[in-house]
Amino acid sequence: MHNITTFEVLEHTIKQISGQPTVLEALWDGDSQGWYLLFYLYTKPSHAFSKQATRHFLGEVSVSEGMGQFTNEQWAVPELAKQLGEKAIEKYNLTFYFPSPKDADNNCPKWTDRHLAIQCTDCNKLFIPTNSPYLPKDICFHCHLAQEQNEKIKKAAPCDDGIAMYLLKNNEYENIGYSTHFKDFTIAPFIAEKVKDQLTDTEISIITLNKQDIVALKEKLENVLAQKLAKYEKPKIDEQMKRLISTCKVKYKEQEYELMDKFNNDHAEIANLIANIATASKAIAADLIYQIFFKKGITYRDDTVLRFVHYVCKGITSRLAIINRYASVLTENDVLDTIKKLERIRCLTVNGEEVCITSIGRCII
């Protein structure tokens, strides 16, 4: 896919297309890998006897290598698209059509399908109305999700799902895993008793595995892996399945194993065991410890304030900034009570008006 990183690249691409440019269209598309902002160009033929406009795909709007993905707290890709669109208007006297500049949304109409769309009553964006009986008809999906999230924040709904696992040394944390449920971690069965002994009723429980624990964990993982490898079978994939399944090669104790990436539970377990043994070996060699963070009594209100301080404010802000950020959702007392709670459970520190996130606060979001 052609990457459009500057106006010079865009202009060069447009010059390859015949006809008079009339509309530059920016639409989102997405898949399991993420969101893509794509440029299309509508042109009018130069000969007078045809009035049919032609739509041409130009490429993906993307920031140049080395540039930040965010500028002034705004996602850089749509900001770049708007700049390119403004320059295209000046150069070609065309219409720049970008129906969703704030949010990635693939439910916006093409330029020629605008008559099929309606305007979101919340954000005024054009979108194609849904046929789903479970979704509102008058607002876009993004605004629907925002309304649901705001309700959870207003009601301080529980937000205890999610366990994070880190390696730690000298107050430096390395994230090595996240799961909605503890049982889904590969190492869960091997440390269940340790977790049970350390788990508390406090809002945040931190389970620590020291070097002795990690050595014992590694030994258990190796024993189970040895049993799995004793029954290992090299993958056999027929021609019809090759387009759906790929394989990867992993090395363990100088022996190489080819593993399928799908539809083979034994191979998946082998891959996970080898990866977890490697992590344990790294921890032992570098004198690192494991820390696993469990939440109990954390709400969506707590979570969103922490995320605002960490991601938007880069870890430091003021009480007033938090109050202003949630003024349409929460009262001032709601915000101040939340800050007090997060300070009490050591997720924030407060010094006068200054509010900072702590390592514990970062680790639970």
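Predicted model, so just to flag it, every value in this text is computed and none were measured. Just so you know, residue 1 is the first one in the sequence shown, and it goes up from there.
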No-hydrogen, no-angle side-chain donor-acceptor test under 3.5 Å, Thr180 and Asp161: no
Greater than 12 external heavy atoms within 6.0 Å of Gln16's CD: yes
Validation row: Asn175, Tyr173 side chains within 4.5 angstrom (heavy atoms): no
Pairwise distance CD1(Ile298) to CD1(Ile345) - rounded to 0.5 angstrom: 3.5 Å
Pair Lys169 + Glu174, salt bridge at N-O below 4.0 Å: no
Donor-acceptor under 3.5 Å (Lys137 side chain, Ser132 main chain): yes
Under 3.5 Å donor-acceptor, Asp160 side chain and Gly297 backbone: yes
Minimum heavy-atom distance Ile323-Leu336, with the two atoms named: CD1-CD2, 4.1 Å
Verify same cluster id: Trp111, Leu27 (apolar side-chain graph, 4.5 Å): yes
Arg346: partners by salt bridge (charged side-chain N to carboxylate O under 4.0 Å, His left out), with sequence neighbours left out: none
Salt bridge (Lys or Arg N to Asp or Glu O under 4.0 Å) assessment of Asp337 paired with Lys341: CA-CA 6 Å; Asp337 287 345; Lys341 174 186 174 181; over 6 Å; no
Tyr40: which of Phe57, Tyr97, Trp28 passes ring-ring contact (aromatic ring centres under 6.0 Å, His included): Phe57
Common cluster, Ile206/Phe185, ILVMFWY with side-chain heavy-atom separation under 4.5 Å: no
Side-chain donor-acceptor contact under 3.5 Å, Glu353 with Ser318: no
Pro101: partners by side-chain contact (heavy atoms from CB on, under 4.5 Å), with sequence neighbours left out: Lys82, Phe98
Residue that, paired with Tyr36, satisfies side chain to side chain donor-acceptor pair (under 3.5 Å) out of Asp31, Asp29, Asn106: Asp31
From SG (Cys120) to NE2 (His144), nearest 0.5 Å: 11.5 Å
Residues that, via side-chain heavy atoms closer than 4.5 angstrom, fall in one hydrophobic cluster with Leu135: Phe141, Leu145
Donor + acceptor pair across side chains of Asp302, Thr299 (<3.5 Å): yes
Mutual orientation of the aromatic rings belonging to Phe7 and Tyr92 [parallel < 30°, tilted 30-60°, perpendicular > 60°]: tilted
Non-hydrogen side-chain atoms of Leu41 and Pro21 separated by less than 4.5 Å: yes
Over 12 foreign heavy atoms within 6.0 Å of NZ, Lys340: no
Evaluation steps, salt bridge (Lys or Arg N to Asp or Glu O under 4.0 Å), between Glu203 and Lys295: CA-CA 6 Å; Glu203 285 90 346; Lys295 297 178 289 183; over 6 Å; no
Members besides Leu320 in its Ile/Leu/Val/Met/Phe/Trp/Tyr cluster (side-chain heavy atoms under 4.5 Å): none
Within-4.5 Å side-chain heavy-atom neighbours: Tyr42 and Lys110: yes
Pairs involving residues 311-355, ordered by first then second residue, that meet ring-ring contact (aromatic ring centres under 6.0 Å, His included) (sequence neighbours left out): Phe308-Tyr326
Any donor-acceptor pair under 3.5 Å from His310 side chain to Val305 backbone: no
Thr54 and Thr43: side chain donor to acceptor below 3.5 Å: no
is_close_aromatic(Phe293, Tyr166), centroid dist under 6.0 Å: yes
Closest non-hydrogen atom pair between Pro136 and Thr130, with its separation: O-CG2, 3.8 Å
Short side-chain donor-acceptor distance under 3.5 Å, Gln119 and Asp138: no
Nearest atoms (heavy-atom pairs only) where Phe190 meets Leu221: CE1-CD2, 3.5 Å
Using atom types as modelled, flag every donor-acceptor pair under 3.5 Å from a side chain in residues 271-280 to any protein atom, sequence neighbours excluded.
{"unit_1": "Asn272", "atom_1": "ND2", "unit_2": "Ala268", "atom_2": "O", "d": "3.3"}
{"unit_1": "Asn276", "atom_1": "ND2", "unit_2": "Asn272", "atom_2": "O", "d": "2.7"}
{"unit_1": "Thr279", "atom_1": "OG1", "unit_2": "Ala275", "atom_2": "O", "d": "3.1"}

From Tyr300 atom OH to Glu148 atom CD, the distance as rounded to the nearest 0.5 Å: 10.0 Å
Distance-only donor-acceptor check, side chains Tyr232 and Asp266, under 3.5 Å: no
Separation between CD1 of Ile365 and CG of Leu306, rounded to the nearest 0.5 Å: 5.5 Å
Test log, rule salt bridge (Lys or Arg N to Asp or Glu O under 4.0 Å), inputs Glu151 and Lys154: CA-CA 5 Å; Glu151 278 302 305; Lys154 284 180 186 177; 3.7 Å; yes
Pairwise distance CG(Leu342) to SG(Cys347) - rounded to 0.5 angstrom: 5.5 Å
Point-to-point distance, once rounded to the nearest 0.5 Å, from CG of Leu217 to CD of Glu222: 9.5 Å
Side chain proximity check, Thr6 to Glu11, heavy atoms < 4.5 angstrom: no
Test log, rule salt bridge (Lys or Arg N to Asp or Glu O under 4.0 Å), inputs Arg319 and Glu332: CA-CA 10 Å; Arg319 281 194 270 211; Glu332 181 174 330; over 6 Å; no
